[in-house]
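Here is how names work: the chains are called A, B, and so on, in the same order as the sequence lines, proteins then strands, and each is numbered from 1. Since we're looking at a predicted model, the values are computed, not measured.
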Amino acid sequence: MAAQIITPRDQDYSQWYQDIITRAELAEAAGVVRGCMVIRPHGFAIWEKIQADLDARLKATGHKNASFPSLIPMSFLQKEAEHVEGFAPELAVVTEAGGKKLEEPYAIRPTSETIIGHFFSKWIDSHRDLPLLINQWANVMRWEMRTRMFLRTSEFLWQEGHTAHATHAEAKEEVARMLDVYRDTLHDVLAVPVIRGIKTANERFAGAVETRTIEAMMQDGKALQCGTSHDLGQNFGKAFDVQFQNAEGQREYVWQTSWGVSTRLIGALIMSHSDDDGLVLPPKLAPIHVAIVPIYRKDHERAAVMEAANRIAGELREDGLTVEVDDREGMKPGAKYYHWEQRGVPIRLEIGPRDLEGECVMAKMRISEPDERGRPMKESLPWKDLGLAIGKRLDAFQTKLYDDALARRVAKEVSVDSWDDFADLFKGEGDSSFVWAHWDGTSETELAIKAATKATIRCIPYEEDGPAAEPGVCIKTGQPSAQRVLFSKNY
RNA sequence: CGGGGUGUGGCUCAGCUUGGUAGAGCGCUGUGUUCGGAACGCAGAGGUCGGAGGUUCAAAUCCUCUCACCCCGACCA
């Protein structure tokens, strides 16, 4: 009888989320530092894989990595009025260093537009210096009032891109390009389908002219903002005096962009694919692809089985797979199955005396339908060309996770035209879905809807990512609307 | 910042009302039997009860102060 270690989703979704993180050893609350977490090796390995993939994409689009100080003079933050207003409440500030009170306090960076703006102004003189395409992998600190592991912690890891361009049109292209890079990463690597769109003024980044977003639906129907890309216009250019001389010899302010994704993506991963048995990882991000569980009773069996297990592991490693042989003594095979399933290992191989005779192994995918007897479906695979067979199954698994996540989202997407229907969808505490509805375009209406239902406008969708554009009337006020926007409760 | 809660072996907690030898389960160490979906026996190790002060012959327990963390609301990747 299986011990109920992970709280089922339908019983307590948020406890389930915590349990997954704990059991998979992804992270734990730091405890000694408010709102911070420790990302454990298994969680960090996933982050490193996301990083590696995304970093290659950023370089392929012409960006270069750099590193700026994690402390920012307070006066820098105050140079852009909306920016400081947005971030001031959540700043951690250093007022003393080296045993002395500082002349001017430093903020621990909540984001780096200001300090990078400062250096851009030093580095940019001519239109020939543009575009300037910089990325930084960094930690940032935002003293949030309420934290949740990976989704919102006081300190988190991210990448922040910062670019400067000669024209607004060019900057806008960059904003769109980078949002698509994020979309591609989420689709191809995380296997998380997203909707691209534009944020309303209420949800816009502090200091931006326009904020674009990718929004994913979690299994409970709530939205998670997975990445953003901002058109900063000339706001920071003016605040930090970032000017260049154009080909005609005139001085102009640069047009800037910034964009980022964070360790929140790991939260998105968990809440997109995992089940009541534990973490589920897409093969492209799994730190361990294959776990091999040897099965034996007697000593002579053990020797033969271990020999075969290690030999197979070696062969699979040569095929480029990461393989773990679970040779722990005194632990029954069943316990080992659960161990690796909770950690999200995509495929498990069992090898025992029976398999030695047939020169095969039993393979079990992390997610599989039950067989005729209601037991987990397993498949016998020959030793010959095992790496090939596993590779195929991992590819199929990667695709399946995306398809399943998309299907779940589509099942919870709905267009509504009456306020009663709308309110009904968000009635209960945990009720949420992706609701496409008309909106009159005003902040007042958006806020009124939020106050009534806790649902907010996640984005005004890209044409290709939302329902076909058709005019209508606002769900709340009856005023005219050009297109439907995406409403949901969010994390 | 408002409201609530919790601090006791590594983890989850009991003990506190009614002061009197610091406990359980899990985990850990050793050992033997087990081993194809979460095994069991035996023997062990491990705790200044968040901190400071007070009351008392005696404080995990009562009182005062304090610190930290967690949860619920308003902000955010």
Side-chain angles (χ1 to χ4, degrees), chain A residues 1-6 14-15 18 22-23 28-36 85-91 110-111 138-160 182 199 202-206 211 213-216 223-230 258-268 277-278 293-299 301-302 305 326 328-342 348-355 361-362 364 368 370-371 373-378 380 429 447 450-451 454 456 490-491:
Chain A
M1 187 56 204
Q4 205 138 92
I5 293 163
I6 295 171
S14 121
Q15 187 58 50
Q18 295 291 334
T22 305
R23 299 300 307 176
E28 67 184 60
V32 290
V33 186
R34 200 201 78 132
C36 289
E85 195 191 323
F87 283 103
E90 53 193 46
L91 288 181
T111 179
N139 59 330
V140 288
M141 182 157 275
R142 300 180 184 178
W143 214 250
E144 303 286 357
M145 299 174 225
R146 186 154 140 51
T147 59
R148 298 194 66 184
M149 295 232 265
F150 289 114
L151 301 178
R152 191 184 304 102
T153 45
S154 298
E155 184 179 24
F156 58 93
L157 306 181
W158 75 346
Q159 74 43 234
E160 47 179 330
Y182 289 156
K199 285 291 191 188
N202 282 331
E203 303 272 332
R204 193 144 63 206
F205 177 75
T211 288
T213 177
I214 46 173
E215 300 282 332
L224 182 68
Q225 181 175 326
C226 291
T228 48
S229 187
H230 313 295
S258 70
W259 26 272
V261 297
S262 71
T263 36
R264 173 181 279 186
L265 289 179
I266 296 174
D277 295 326
V293 178
I295 295 158
Y296 47 78
R297 296 164 200 250
K298 305 182 179 65
D299 276 351
E301 284 179 348
R302 176 177 181 279
V305 166
D326 193 343
R328 287 176 289 180
E329 295 292 340
M331 194 173 177
K332 294 180 73 167
K336 293 180 179 179
Y337 301 166
Y338 284 102
H339 176 89
W340 297 109
E341 281 176 3
Q342 283 167 3
R348 180 184 71 239
L349 301 181
E350 302 165 16
I351 179 160
R354 295 206 296 259
D355 305 295
V361 294
M362 286 303 281
K364 159 76 172 62
S368 63
D371 64 15
R373 289 180 297 180
R375 301 207 302 223
M377 183 75 83
K378 295 177 188 178
S380 183
E429 187 61 34
L447 293 172
K450 183 181 181 182
K454 288 189 176 173
T456 52
N490 73 304
Y491 280 99

Subject >> Of A/K336, A/M362, A/K378, A/H339, the residue whose pairing with A/R348 passes side-chain contact (heavy atoms from CB on, under 4.5 Å) >> reply: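 Among A/K336, A/M362, A/K378, A/H339, the one meeting side-chain contact (heavy atoms from CB on, under 4.5 Å) with A/R348 is A/K378.
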Distance in angstrom units between [X] [atom1] and [N] [atom2], rounded:
X	N	atom1	atom2	result
A/E350	B/C35	CD	P	16 Å
A/M331	B/C28	CE	C1'	14 Å
A/D277	B/A38	CG	C1'	12 Å
A/Q15	B/U12	CD	P	12 Å
A/D355	B/C35	CG	P	17 Å
A/Y296	B/G36	OH	C1'	13 Å
A/L349	B/G36	CG	P	17 Å
A/R302	B/G36	CZ	C1'	17 Å

When rounded to the nearest Å, what value does the distance between [atom1] atoms of [N] and [M] take?
N	M	atom1	value
B/U61	B/G54	P	14 Å
B/G10	B/U18	P	32 Å
B/A38	B/C70	P	36 Å
B/U31	B/C67	C1'	45 Å
B/G73	B/U66	P	28 Å
B/C71	B/G36	C1'	44 Å
B/A68	B/G25	P	35 Å
B/U29	B/C57	C1'	41 Å

Original post:
OP1 or OP2 of B/G36 sitting under 4.0 Å from any side-chain N/O of A/K332?
Top reply: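 Yes, such a contact exists.
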Original post:
Is any side-chain N or O of A/R375 under 3.5 Å from a base N or O of B/G36, one able to act as donor and the other as acceptor?
Top reply: no
Original post:
Looking only at N and O atoms, is any donor in the side chain of A/K364 or the base of B/G36 less than 3.5 Å from an acceptor on the other one?
Top reply: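 There is none.
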By the 4.0 Å heavy-atom rule, please label [X] as base, sugar-phosphate, or nothing.
X	answer
A/K336	nothing
A/P376	base
A/Q342	base

In the structure I gave you, are the side-chain heavy atoms of [X] and [Y] within less than 4.5 Å of one another anywhere?
X	Y	answer
A/E28	A/T22	no
A/T111	A/R142	yes
A/Y337	A/E350	yes

Original post:
Is the closest basic N to carboxylate O distance between A/R23 and A/E341 below 4.0 Å?
Top reply: no
**OP:** Give a yes or no on whether a salt bridge exists between A/R302 and A/E329, defined as a side-chain N under 4.0 angstrom from a carboxylate O.
**Re:**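 Yes.
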Original post:
Is the ring centre of A/Y338 under 5.5 Å from the base ring centre of B/A38, and are the two planes under 30° apart, so that they stack?
Top reply: yes
Subject >> Paired stretches of RNA chain B - 3 or more consecutive Watson-Crick or G-U pairs, each distance under 3.5 Å >> reply: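 Stem list for RNA chain B: B:1-7 with B:67-73, B:10-13 with B:23-26, B:28-33 with B:39-44, B:50-54 with B:62-66.
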Original post:
Between A/R264 and A/F156, is NZ or CZ placed under 6.0 angstrom from the six-membered ring centre and within 45° of the ring axis?
Top reply: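 Here A/R264 fails the 6.0 Å and 45° test against A/F156.
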Original post:
Where along nucleotides 69-77 of chain B does protein come under 4.0 Å, by heavy atom, of base (B) or sugar-phosphate alone (S), with - for untouched nucleotides?
Top reply: SS-SSBBBB
**OP:** State whether the side chain of A/T211 and the backbone N or O of A/K199 hold a donor-acceptor pair below 3.5 Å, judged by distance alone.
**Re:** no
Original post:
A/M377 or A/E329: which one's nearest nucleotide on RNA chain B is closer to the 5' end?
Top reply: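 Nearest nucleotide further toward 5': that of A/E329.
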Original post:
Do the ring planes of A/W259 and A/Y182 sit parallel (below 30°), tilted (30 to 60°) or perpendicular (above 60°)?
Top reply: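 The arrangement is perpendicular - the two ring planes meet at more than 60°.
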**OP:** May I ask you to check whether over 12 heavy atoms, not counting those of A/R297, lie within 6.0 Å of atom CZ?
**Re:** no
Subject >> Approximate separation, where rounding is to 0.5 Å, of A/E203 CD and A/Q225 CD >> reply: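 If I round to the nearest 0.5 Å, the distance is 7.5 Å.
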